[in-house]
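A quick write-up on the structure given underneath.
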Amino acid sequence: RRGKMAKSTQLIDNEVFRAYATYTAIVLLKMMLMSLITAYFRITRKAFANPEDTASFGKGESAKKFLRTDPDVERVRRGHLNDLENIVPFAGIGLLYALSGPELSTALLHFRIFAGARILHTFAYLIPLPQPGRGLSWAVGYAVTLSMAYRVLTAAWLL
């Protein structure tokens, strides 16, 4: 079957791919939630980045005081940026991993640990929990992505 693309129904029937799709959707939705949390903090802290965002607070100098940074908003933004730096690679490498033919139990372990680590990382960032909680949760998720990348490279090995 070399040279032919797999039909989408074949992927949907693949349990590993379904697990990948499930856990990737979970972490992507979690990452999207960070945008809403950022907006919530911006509104409740009245800390905006753009002049047009302050229009409902008046004009001129009275609105300028809302063009500022806030430590809570910046903390949420850093958590969101960390998601972008880690979930996007997971999504790409995870897809290649799912297509490399791993055992379902091993794939589920990878996907579940990554999702759990990213959720814990978010709580550690937002609450904030004392270190090394945030650092460990980041490292666990990062190690999972590296483990999947290693499997992809050793399965394909067409370097």
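Since we're looking at a predicted model, the values are computed, not measured.
Hydrophobic clustering keeps L120 apart from L136 (ILVMFWY residues linked when any side-chain heavy atoms are closer than 4.5 Å, directly or through intermediates). Note on L108: it clusters hydrophobically with F17, by side-chain heavy-atom contacts below 4.5 Å among ILVMFWY residues. In this structure, L96 is a member of the same hydrophobic cluster as V16, with clusters built from ILVMFWY side-chain heavy atoms closer than 4.5 Å. The cluster map of Ile, Leu, Val, Met, Phe, Trp and Tyr, joined by side-chain heavy atoms under 4.5 Å apart, puts M31 and V140 in the same cluster. Both V152 and L99 sit in one connected hydrophobic cluster of ILVMFWY residues. Membership requires side-chain heavy atoms under 4.5 Å apart, directly or through other members.
In this structure, R134 satisfies the cation-pi test against Y125, with its NZ or CZ atom closer than 6.0 Å to the six-membered ring centre and inside 45 degrees of the ring normal.
Under the 4.5 Å side-chain criterion, counting only non-hydrogen atoms from C-beta, Y150 is not in contact with L146. Side-chain atoms of I87 and K30, non-hydrogen and from C-beta on, do get closer than 4.5 Å to each other. You'll find the side chain of R78 stays beyond 4.5 Å of the side chain of L81, heavy atoms only. For the pair D70/R68, a side-chain contact is recorded, criterion being any heavy-atom separation below 4.5 Å from C-beta on. Using a 4.5 Å cut-off on side-chain heavy atoms (C-beta onward), W138 and R118 make contact. N86 is not listed as a side-chain neighbour of T145, based on a closest heavy-atom distance of 4.5 Å or more. Between M148 and F90, some side-chain heavy-atom pair lies under the 4.5 Å cut-off.
For the residue pair I26 and I119, the shortest heavy atom distance occurs at CG2-CD1, 4.5 Å. In terms of heavy-atom proximity, A155 sits nearest to S100 at CB-CB, 4.1 Å. The heavy-atom pair separating P102 from R151 by the smallest distance is N-NH2, 3.4 Å. A pairwise comparison of heavy atoms in A115 and V27 identifies CA-CG1, 3.7 Å as the closest pair.
Under the rule for a side chain to side chain donor-acceptor pair (under 3.5 Å), the partners of K64 that lie at least two apart in sequence or sit in another chain are E61.
Here the straight-line distance linking atom OH of Y142 with atom OG of S137 works out to 14.5 Å at 0.5 Å rounding. Taking CG from D83 and CG from L33, the interatomic distance works out to 9.5 Å, rounded to the nearest 0.5 Å. With rounding to the nearest 0.5 angstrom, the CZ atom of R42 is 9.0 Å from the OG1 atom of T69. I43 CD1 to F48 CZ: the interatomic distance, rounded to the nearest 0.5 Å, is 6.0 Å. Between L109 atom CG and I113 atom CD1 the span is 4.0 Å, to the nearest 0.5 Å. From K46, atom NZ reaches atom CG of L67 across 14.5 Å, with rounding to the nearest 0.5 Å.
Between the side chain of E15 and the main chain of A19, no donor-acceptor pair closer than 3.5 Å is present. Between the side chain of N50 and the backbone N or O of D53 there is no donor-acceptor pair closer than 3.5 Å. Judged by distance alone, with hydrogens and angles left aside, the side-chain atoms of S147 form no donor-acceptor pair with the main-chain N or O of A143 at under 3.5 Å.
No donor-acceptor contact under 3.5 angstrom links the side chains of T38 and H80, judged on distance only.
Other residues, nucleotides and ligands contribute more than 12 heavy atoms inside 6.0 Å of the CD atom of E52.
Below 30°, between 30° and 60°, or above 60°: for F111 and Y97 the angle between ring planes is above 60°, a perpendicular geometry.
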